[in-house]
Amino acid sequence: MSTTPPGEQPSFAEENAMRIASESLTHYDQAADTYHCSYGPPVPAVTVHDPERDVLVRVEPASGQVVGFSIPNFKAWHAAHAEEDGTFEVELPSVWDLSSGEALDQD
C-alpha cells in the first residue's frame, strides 16, 4: 500500500517518462555521424521518419510503442536544434500511430 497521498503521485505519463529516461541507452556513431537512443533492450521495430523533429523514430509495430530514435547527420542537426550550452531534447510521444503507412523499414 502506498503512503504517498493520491494527489502527489506521478501520473502514468510521468512514471513512463521516468522509466524511459532511466532505461535509455545512447550512442553516437562518429563514422556515420548518427546519434542513437534506445529505450530499454532492443526489440524488433519499424523505422518512421518524423519530419517535425527531423529524426528517425523506432516503433514496435504491434503496440505502436516508441522504443527509440536515431538522428542522422547529427552534427548539422545538433547545430540547428541544440541549446546554447549544447544540450538538446527530443520529445516523442510514447505511442506512435502507424496507420499512415509511413514506416521506412523493419528490423
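Position 1 is the first residue of the sequence; numbering continues from there. The figures here come from the full heavy-atom set of this structure, side chains too, leaving out hydrogens, waters and symmetry mates.
Within the model, atoms OH of Tyr28 and OG1 of Thr34 stand 7.5 Å from one another, a figure rounded to the nearest 0.5 Å.
Across Cys37 and Thr26, no two heavy atoms sit closer than the pair SG-CG2, 3.8 Å. When all heavy atoms are compared, the tightest approach of Val59 to Val67 is N-CG2, 4.2 Å. Of all heavy-atom pairs spanning His81 and Arg53, the tightest one is NE2-O, 4.4 Å. The shortest non-hydrogen separation linking Pro61 to Pro44 is CD-O, 3.7 Å.
Between Asp54 and His49 the shortest side-chain heavy-atom distance falls below 4.5 Å.
For the side chain to side chain contact (heavy atoms under 4.5 Å, CB included) with Asp50, the qualifying choice from Leu56, Val66, Val57 is Val57, the only one to do so.
Looking only at distances, no side-chain donor or acceptor of Trp77 sits under 3.5 Å from a matching main-chain atom of Ala82. Between the side chain of Glu89 and the backbone N or O of Glu91 there is no donor-acceptor pair closer than 3.5 Å. In this structure, Arg58 contributes its side chain and Val43 its backbone to a donor-acceptor pair below 3.5 Å. Judged purely by atom type and a 3.5 angstrom limit, His78 has no side-chain atom pairing as donor or acceptor with the backbone of Phe74. Under a 3.5 Å cut-off, the side chain of Ser63 and the backbone N or O of Gln65 do form a donor-acceptor pair.
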| When you look at Tyr35 and Asp29, which way does the side chain to side chain donor-acceptor pair (under 3.5 Å) test go after all the steps? | CA-CA 6 Å; Tyr35 178 89; Asp29 180 339; over 6 Å; no

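Linking ILVMFWY side-chain heavy atoms closer than 4.5 Å, directly or via other members, places Val46 and Val95 in two distinct hydrophobic clusters.
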